[in-house]
Amino acid sequence: MTSAQPPSAPVPPGSAGASAASLARARRRASAARFWRRYREQRAGLFGLAGLALVALLALGAPLLVGADVQSVTDAPGTALQAPSAEFPLGTDQFGRPLLGLLVWGARISLAVGLLAAALSVAIGALAGILAGHYGGWFATVVMRITDWFLVMPTLVLAIVLATVMSRSVWTVILAIGVTSWPTTARLVRAQTIAVESRPYIERARALGGGHGHVMTRHVLPNVLPLVLAQTTLGISTAILTEATLAFLGLGDPTVVSWGGMLQDAREAGAVSSGHWWYLAPPGLAIAFVALAFTLCGRAIETVLNPKLGVSR
């Protein structure tokens, strides 16, 4: 007679789900490590990332480095429009405030507006693109005609109109930029959605009972997220430039300090005609530097996520 085999140990009810979750986490970690390994090959992208890290640290540490009193007009430590010196490395503004402190403090608003406006723009564009690509038909036709209308209209003009009719605040600027700069993302995401939904596993998911929500959230969205990430990074630089333009035109929030607001103050003080270059150069160079850094990071991410674009170091 054969000896009886001992019964196998029962499998805990949650072990299968736990193993699947750990496997998914391991795959995400491996994917992130692979992305970072490829990103490090992009020298321009590393330069942009280092520059953004430096600016972000200055912006986060602004309350400790310069303090909120740097914005005060009544307690300004210098006299109006002093040239750069040992006491004031970048000179002073028309109220006697140190421009170096204002530059560091203004990074908080400029970066916050750029990030939030780009996130709003990409969120609207991704939602419109996924819905239009998934449902198609008359719904896609309507969404794309609205998108085309926003595309042919100058983004800056629409943002100026919105910023003019609404109250002057930081949130108005964010809303004006976000709701006028989403069409490009919508067209790109729609094209990617159509390409994804033509693959065989989408048909299998539908045959197994997957509804519209399941297909869009579990299959389409993960495949368009890399495109959305690259588009967000590229859109931040555009949002920062647009915010600076609106502030320079006097449509920003007058109660906060931003790089665009500094340029507008310099124009009002006559810095261009009087030759006070130190009033104009720092905020202008800061805007150009951050916009370039975000663009370099966006191009690097785009190259890593889409190898067909080629490797540009």
Side-chain angles (χ1 to χ4, degrees), residues 20-21 24-25 27-28 31-32 34-35 38-39 113-153 155 158-159 162 171 174-239 242 294-295 297-309:
R25 286 195 296 269
R27 288 178 177 176
R28 285 194 292 267
S31 178
R34 185 168 58 252
F35 171 84
R38 294 176 180 175
Y39 186 90
V113 170
L115 290 169
L116 293 176
L120 177 60
S121 171
V122 171
I124 296 174
L127 179 62
I130 291 176
L131 291 176
H134 176 78
Y135 287 105
W138 66 268
F139 179 80
T141 301
V142 172
V143 172
M144 286 298 102
R145 294 300 75 79
I146 297 174
T147 303
D148 292 340
W149 184 84
F150 274 94
L151 276 176
V152 299
M153 291 293 292
T155 301
L158 290 176
L162 288 177
W171 294 108
I174 293 172
L175 184 64
I177 298 173
V179 301
T180 57
S181 56
W182 57 269
T184 302
T185 302
R187 295 191 70 87
L188 291 174
V189 171
R190 176 179 177 267
Q192 184 69 11
T193 300
I194 294 174
V196 169
E197 295 208 359
S198 64
R199 296 171 184 172
Y201 66 85
I202 298 294
E203 296 182 3
R204 289 196 295 269
R206 287 171 174 164
L208 292 174
H212 296 293
H214 175 83
V215 171
M216 287 188 288
T217 57
R218 296 297 184 90
H219 299 289
V220 175
L221 185 59
N223 282 280
V224 302
L225 272 181
L227 177 63
V228 170
L229 174 62
Q231 194 65 21
T232 302
T233 311
L234 293 172
I236 293 174
S237 61
T238 304
T242 306
F294 272 113
T295 302
C297 290
R299 295 301 182 191
I301 292 174
E302 204 172 28
T303 301
V304 171
L305 298 178
N306 188 3
K308 294 180 181 179
L309 297 176

Are [X] and [Y] close enough that some pair of their side-chain heavy atoms sits under 4.5 Å apart?
{"X": "Arg38", "Y": "Thr303", "value": "no"}
{"X": "Arg199", "Y": "Asn223", "value": "yes"}
{"X": "Trp149", "Y": "Pro183", "value": "no"}
{"X": "Leu120", "Y": "Trp182", "value": "no"}
{"X": "Arg34", "Y": "Ser31", "value": "yes"}
{"X": "Val196", "Y": "Tyr201", "value": "yes"}

Does the plane of the ring in His214 sit parallel, tilted or perpendicular to the ring in His219? Use 30° and 60° as the thresholds. perpendicular

Could you tell me whether Arg218 atom CZ has more than 12 heavy atoms of other residues or ligands within 6.0 Å of it? no

His212, NE2: over 12 other non-hydrogen atoms inside 6.0 angstrom: no

Just by distance, no angles: are the side chains of Ser121 and Ser181 close enough, under 3.5 Å, to form a donor-acceptor pair? yes

To the nearest 0.5 Å, what is the distance between [atom1] ([X]) and [atom2] ([Y])?
{"X": "Gln192", "Y": "Leu227", "atom1": "CD", "atom2": "CG", "result": "6.0 Å"}
{"X": "Trp171", "Y": "Leu116", "atom1": "CH2", "atom2": "CG", "result": "5.5 Å"}
{"X": "His134", "Y": "Leu221", "atom1": "NE2", "atom2": "CG", "result": "13.0 Å"}

Could you go through Thr193 and Val224, starting from their C-alpha distance and side-chain angles, then the distance that decides it, and tell me whether this counts as side chain to side chain contact (heavy atoms under 4.5 Å, CB included)? CA-CA 7 Å; Thr193 300; Val224 302; 4.1 Å; yes

Does Thr180 have any side chain to side chain donor-acceptor pair (under 3.5 Å) partners at least two apart in sequence or in another chain, and if so, which? none

Salt bridge or not between Arg299 and Glu302? Use side-chain N to carboxylate O under 4.0 Å. yes

Could you go step by step and tell me if Asp148 and Arg187 meet the side chain to side chain contact (heavy atoms under 4.5 Å, CB included) rule? CA-CA 9 Å; Asp148 292 340; Arg187 295 191 70 87; 2.6 Å; yes

Which atom names give the shortest non-hydrogen contact between [X] and [Y], and what distance separates them?
{"X": "Phe139", "Y": "Ala132", "value": "CE2-N, 4.1 Å"}
{"X": "Ala118", "Y": "Gly235", "value": "CB-C, 3.8 Å"}
{"X": "Ser237", "Y": "Thr295", "value": "OG-OG1, 3.4 Å"}

Verify side chain to side chain contact (heavy atoms under 4.5 Å, CB included) between Val179 and Phe150, making sure each step is shown before the conclusion. CA-CA 9 Å; Val179 301; Phe150 274 94; 5.9 Å; no

Under 3.5 Å, side chain of Thr233 to main-chain N/O of Leu229, donor-acceptor pair present? yes

Quick one: which of Ile301, Thr184, Ile236 gives a side-chain contact (heavy atoms from CB on, under 4.5 Å) with Gln231? Thr184

